[in-house]
Peer 1: 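Just passing along the structure, written as structure tokens.
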Amino acid sequence: MNASEIRFRLKPLMLPVAMLLGVLFHNYMGYVAFISPYLIFMMLLVTYCKINPGSFVVNRFVWSLLSVQVLGAAAVYVLILPAGAELAQGAFICVFCPTATAAPVVTGMLGGSVGLLASYSIVSNAAVAVLAPVLFSFMGIGVEMPVREAMTAIGAKVFPLILAPLAIAFLMKVFVPKLHGSVARHQSLSFYMWAFALIIVVGNAVSFIMSEPVGKVPIMLAIAAVSLFTCCAQFAIGRIIGGRFGNKISGAQGLGQKNTVLAIWMALTYLDPVASVGPASYVAWQNIINSIQLYLKTKRDASLKQMRR
């Protein structure tokens, strides 16, 4: 067995191992948390080097997913609100949260359309930057930050991570095509960077949950359970929508894989802090699903290799 075959077999295990390391060493993640944005930036740059500028489109696929993200979040909040504001807010943020900046990376590894998913990622994050302050104010949360300032704060966290690597990738294609081609051929780098970033994200989430008082445990467990339901439902609904447009993988990842780092920040800033347990636990749920998907794809690819021999 050569090195490439070993990497091929180990890849599905890397996300669960990364999550386990995050749990075990959560006390130390605060020292390296500053690395996360740089890792996300670099892995998106690698991913975007693979796609063609002409593949970016805003079509019915994008609008369908965005409708579920925004209208679905509002519906979930209204339905769950009678059971408690904390629970409703936790469910809301798990649905309303935009697509993860790493979603195009995982989509590419699973064989989906990176360009289509990247298009939705940009629209999804832009919608959250515009609508979040307005929706949070309607929830009756005491937001001290003015609407314009809140929009700027959210946008400042989202757009540089998404647009800057995209712009650099396109500039590289024009001015340094050889470097661009070399990066495009080494897509596996983005996966390893994402695995390392996952250690930090999971570690920070565990640290936050453990810092909450014992009296909050029942509501945190309820929020985590609702988070699991919304995660599974969004992957399933996204797959159904994607199937109508011939791309189940992009639909599932676009709607199911969330920018939980941004969601946790928004929950702590605008909502009841305990609502942040929703996106914090969503980190585990979505990466368990991603690990299963990668395992199944690796198994299928291995079977195809054997059939061709």
Side-chain angles (χ1 to χ4, degrees), residues 15 19 60-81 87-110 112-114 116-128 131-132 135 158 194 198 201-202 205 222-264 266-267 271 275-294 296:
L15 294 183
M19 293 169 62
R60 288 177 57 201
F61 169 83
V62 172
W63 292 121
S64 297
L65 292 186
L66 187 64
S67 297
V68 175
Q69 177 188 335
V70 177
L71 300 179
V76 164
Y77 177 78
V78 172
L79 289 172
I80 299 180
L81 187 58
L87 192 62
Q89 290 171 19
F92 169 86
I93 201 66
C94 286
V95 180
F96 181 66
C97 175
T99 300
T101 49
V105 177
V106 179
T107 299
M109 286 186 283
L110 293 172
S113 171
V114 176
L116 192 60
L117 201 282
S119 301
Y120 173 63
S121 178
I122 293 172
V123 173
S124 171
N125 281 277
V128 168
L131 296 175
L135 292 177
V158 173
W194 169 236
L198 185 59
V201 172
V202 170
I223 293 173
V226 170
S227 173
L228 173 59
F229 174 79
T230 59
C231 182
C232 294
Q234 288 182 99
F235 270 100
I237 294 171
R239 189 172 180 82
I240 293 171
I241 293 175
R244 295 177 180 174
F245 297 92
N247 207 314
K248 294 180 179 180
I249 294 172
S250 296
Q253 296 306 128
L255 203 56
Q257 193 172 347
K258 298 292 189 176
N259 188 342
T260 50
V261 175
L262 180 67
I264 291 170
M266 288 193 297
L271 307 176
S276 62
V277 171
S281 55
Y282 201 103
V283 174
W285 310 140
Q286 71 177 7
N287 283 290
I288 289 172
I289 291 175
N290 283 338
S291 297
I292 294 172
Q293 289 174 318
L294 287 170
L296 294 175

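Computation of the quantities below employed the complete heavy-atom set of this structure, encompassing side-chain atoms and omitting hydrogens, waters and symmetry-equivalent molecules. None of these values were measured; they are calculated from a predicted model.
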Peer 1: Partners of Thr260 by side chain to side chain donor-acceptor pair (under 3.5 Å), sequence neighbours excluded?
Peer 2: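 Partners of Thr260 by the side chain to side chain donor-acceptor pair (under 3.5 Å) criterion come out as none, since no residue qualifies.
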
Peer 1: Can you tell me how far the CG atom of Leu116 sits from the OG atom of Ser121, to the nearest 0.5 Å?
Peer 2: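 If we round to the nearest 0.5 Å, Leu116:CG and Ser121:OG are 11.5 Å apart.
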
Peer 1: Name the atoms and distances for all side-chain donor-acceptor pairs under 3.5 Å in residues 236-243, with sequence neighbours left out.
Peer 2:
none

Peer 1: Give the minimum heavy-atom separation between Phe235 and Ile289, together with the two atoms involved.
Peer 2: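 Answer, listing the atom of Phe235 first, then Ile289: CD1-CD1, 3.6 Å.
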
Peer 1: Among residues at least two apart in sequence or on other chains, which ones pass ring pair (Phe, Tyr, Trp, His ring centres under 6.0 Å) with Phe92?
Peer 2: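 Expected list: Phe96.
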
Peer 1: Give the minimum heavy-atom separation between Pro279 and Cys94, together with the two atoms involved.
Peer 2: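 Heavy atoms only, the tightest pair is N-SG, 3.7 Å.
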
Peer 1: What's the separation between atom OG1 in Thr230 and atom OH in Tyr282, rounded to the nearest 0.5 Å?
Peer 2: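 Rounded to the nearest 0.5 Å, the OG1-OH separation comes to 5.5 Å.
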
Peer 1: Using every non-hydrogen atom in the two residues, find where Ala100 and Lys258 come nearest and quote the distance to one decimal.
Peer 2: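 Scanning both residues, the minimum pair turns out to be CB-O, 3.2 Å.
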
Peer 1: Just how far is it from atom OG of Ser276 to atom CD1 of Ile223, taken to the nearest 0.5 Å?
Peer 2: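 Output value for this atom pair is 8.0 Å.
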
Peer 1: Taking it one step at a time, do Ile288 and Met19 satisfy side chain to side chain contact (heavy atoms under 4.5 Å, CB included)?
Peer 2: CA-CA 9 Å; Ile288 289 172; Met19 293 169 62; 4.1 Å; yes

Peer 1: Any heavy-atom pair between the side chains of Val68 and Val95 that's under 4.5 Å?
Peer 2: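 Not touching, per the 4.5 Å side-chain cut-off.
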
Peer 1: Measuring from Thr99:OG1 to Leu255:CG, what's the distance to the nearest 0.5 Å?
Peer 2: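 One gets 7.5 Å once the value is rounded to the nearest 0.5 Å.
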
Peer 1: State, to 0.1 Å, how close Met266 and Ala132 come at their nearest heavy-atom pair, and which atoms those are.
Peer 2: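 Smallest heavy-atom distance, with atoms named: SD-CB, 4.3 Å.
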
Peer 1: Hey, could you give me the CD/CG distance between Gln293 and Asn287, rounded to the nearest 0.5 Å?
Peer 2: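 These two atoms lie 10.5 Å from each other.
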
Peer 1: Would you say Trp285's side chain and Phe229's backbone share a donor-acceptor pair under 3.5 angstrom?
Peer 2: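 Here the side-chain-to-backbone pair does not exist.
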
Peer 1: Can you name the nearest heavy-atom pair linking Val76 to Ala91, along with the distance?
Peer 2: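 In terms of heavy atoms, the two residues are closest at CG1-CB, 3.4 Å.
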
Peer 1: As an exercise, state the distance from CD1 of Ile264 to CD1 of Ile93, rounded to the nearest 0.5 Å.
Peer 2: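 So the gap between those two atoms works out to 10.0 Å.
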
Peer 1: Decide yes or no on side chain to side chain contact (heavy atoms under 4.5 Å, CB included) for Phe245 and Ser64, but give the supporting numbers first.
Peer 2: CA-CA 10 Å; Phe245 297 92; Ser64 297; 4.0 Å; yes

Peer 1: Would you check if Thr107 and Gln257 make a side-chain contact, meaning some heavy-atom pair closer than 4.5 Å?
Peer 2: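 SC-SC contact between Thr107 and Gln257 ruled out.
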
Peer 1: Are the side chains of Met109 and Gln253 in contact, using a 4.5 Å heavy-atom criterion?
Peer 2: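 Side-chain contact under 4.5 Å: no.
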
Peer 1: Which atom names give the shortest non-hydrogen contact between Val114 and Pro104, and what distance separates them?
Peer 2: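 Looks like CG2-O, 3.8 Å.
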
Peer 1: Main chain of Val128, side chain of Gln69: is a donor-acceptor contact present, judged purely on distance under 3.5 Å?
Peer 2: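 Between the backbone of Val128 and the side chain of Gln69 there is no qualifying donor-acceptor contact (under 3.5 Å).
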
